[in-house]
Protein chains: 2
Amino acid sequence: MRVTKAQAQANRAHIVETASVLFRERGYDGVSVADLMAAAGFTHGGFYKHFASKADLMAEAAACGFSQSLENRAQVDISEFITRYLSREHRDGRGMGCTMAALCGDAARQPEEIKATFASGIENMLAALEPGEGAQDETGQQLRAAIISRVAHAVGALVLSRACPDDSPLADEILAVCRTRILASLPPLSVD
Amino acid sequence: MRVTKAQAQANRAHIVETASVLFRERGYDGVSVADLMAAAGFTHGGFYKHFASKADLMAEAAACGFSQSLENRAQVDISEFITRYLSREHRDGRGMGCTMAALCGDAARQPEEIKATFASGIENMLAALEPGEGAQDETGQQLRAAIISRVAHAVGALVLSRACPDDSPLADEILAVCRTRILASLPPLSVD
DNA sequence: ATTATCTATAGATCTATAGATAATGC
DNA sequence: ATTATCTATAGATCTATAGATAATGC
């Protein structure tokens, strides 16, 4: 049953990506190694030829999630990003959504190494929300503060909305209210 | 080993309060029934004379946490509340802190019944942040929106700060920035 | 010869239950 | 007689490992 080196590496990457989705959906403790390997199409014994432990995988799976959301950076308008981030679709699709919002609660109880990965993930989000060309910047000193604030605001709205029952009016209200307020806080585009 | 009816009820309440703290510290899956009962001073078999299941306890423990933080309501100035909420002490003392921030990530993966408890908890937080007497209210329509926004902002800042490594500059920066910005967003007190 | 994967299982842990114990409360 | 708690354990599950298998890659 041996495969090529390249195939083994692809298999490993596939396990990390599968874990990235499953962890976001069910949390770290909600996914067993056997569950994960079955979802990735393998038997569970093989896991330990790829990773030293399940905790090891957690860090890789989180980093994988952050790097994927980073792909969108700068390509997407900030207003559009906020509108999508605080949409019902994003709230109801945890597996494909923001790793930070899905797992930051779990991260708080993990070892320092994993928290370091999440701190990098936060910096990635800040970079993604940096205004692009053509925006009237806030004063330099205040710019980073404004971005941090928006990220906290958006993540808070999403995690609170997800803690409400499905189809609860409060869940939708939180998303709508915070979406409106964050969009209103964005600096206007300069008119050329 | 039997105790009086009153004592049994007190024991039950003590188990719920102990669970409320331990769940906030370690998460729902991080506390076993045996762990919990030992922490409360009992053997684990007795648990099931008090609760139908561990999931049942989760709802009670969350409700207990929400009702305790509700006690502070209206007694405390909103600025003071925000300042404490976004303090290092609160961030580093999960067991005694906000149940919403500590467990909303776990709640998102729990059954509807528990999510309903968390929705009530959110409404409690909104009520706690309602401006008291003597404040220049925002227009009625906008008031609830402003409060929801502040709660999301504060919860988001706390959960992000907790996901960072201990003593990380970013963790402190998030708290400080959001504290300043939320305080600045509060309506000024009217001068008599 | 090496190694990615599989089969099988050890050892630990977790939820829940069954039955015993001993003190309450009718 | 009832019942809160304890002791002991059943049954399930989970992480991790050991050894077998079979195909790669020197």
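Just so you know, these numbers come straight off a predicted model, no measurement behind them. Naming: A, B, ... by sequence-line order, numbering from 1 per chain.
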Trainee: Mind checking ring pair (Phe, Tyr, Trp, His ring centres under 6.0 Å) for B/F23 and listing every partner two or more places apart, or none if nothing turns up?
Mentor: B/Y28

Trainee: What does the B/S/- profile of nucleotides 7-17 of chain D look like, 5' to 3', with a 4.0 Å heavy-atom cutoff to protein?
Mentor: BBB----SSBB

Trainee: Can you list every pair that meets ring-ring contact (aromatic ring centres under 6.0 Å, His included) and has a residue in residues 93-113 of chain B, with sequence neighbours left out?
Mentor: none

Trainee: Which residue pairs pass the ring-ring contact (aromatic ring centres under 6.0 Å, His included) test with at least one member in residues 158-188 of chain A, sequence neighbours excluded?
Mentor: none

Trainee: Where each pair must be Watson-Crick or G-U wobble with both distances under 3.5 Å, what dot-bracket representation of DNA chain C is obtained, with crossing pairs in [ ] and other-strand partners as |?
Mentor: ||||||||||||||||||||||||..

Trainee: In whole angstrom, give the distance that lies between atom CZ of B/R12 and atom C1' of D/dT3.
Mentor: 15 Å

Trainee: Do B/S20 and B/R24 have a side chain donor and acceptor closer than 3.5 Å?
Mentor: yes

Trainee: In a table with atom names and distances, give each donor-acceptor pair under 3.5 Å that connects a side chain of residues 164-171 of chain B to protein atoms at least two apart or in another chain.
Mentor:
| unit_1 | atom_1 | unit_2 | atom_2 | d |
| --- | --- | --- | --- | --- |
| B/D166 | OD1 | A/K115 | NZ | 3.2 |
| B/S168 | OG | B/L170 | N | 3.2 |
| B/S168 | OG | B/A171 | N | 3.1 |

Trainee: Provide, to the nearest angstrom, the distance between the CZ atom belonging to B/F51 and the P atom belonging to D/dT5.
Mentor: 10 Å

Trainee: Which pairs count as salt bridge (charged side-chain N to carboxylate O under 4.0 Å, His left out) when at least one residue sits in residues 118-130 of chain B, sequence neighbours excluded?
Mentor: B/E123-B/R144

Trainee: Kindly state which residues belonging to residues 4-11 of chain B come within less than 4.0 angstrom of DNA chain C, counting heavy atoms of the residue only, listed by number.
Mentor: B/T4, B/K5

Trainee: Can you list everything that forms a side chain to side chain contact (heavy atoms under 4.5 Å, CB included) with B/T4? Sequence neighbours excluded, please.
Mentor: B/A6, B/Q7

Trainee: Would you state whether a donor and an acceptor, one from the side chain of A/R2 and one from the base of D/dT21, lie under 3.5 Å apart?
Mentor: no

Trainee: Go through the structure and list residues passing ring pair (Phe, Tyr, Trp, His ring centres under 6.0 Å) with A/H90, not counting sequence neighbours.
Mentor: A/Y85

Trainee: The criterion is ring pair (Phe, Tyr, Trp, His ring centres under 6.0 Å); which residues satisfy it with B/F51, sequence neighbours excluded?
Mentor: B/F47

Trainee: Only pairs at least two apart or in different chains count here, so list each side chain to side chain donor-acceptor pair (under 3.5 Å) that has a residue in residues 44-53 of chain B.
Mentor: none

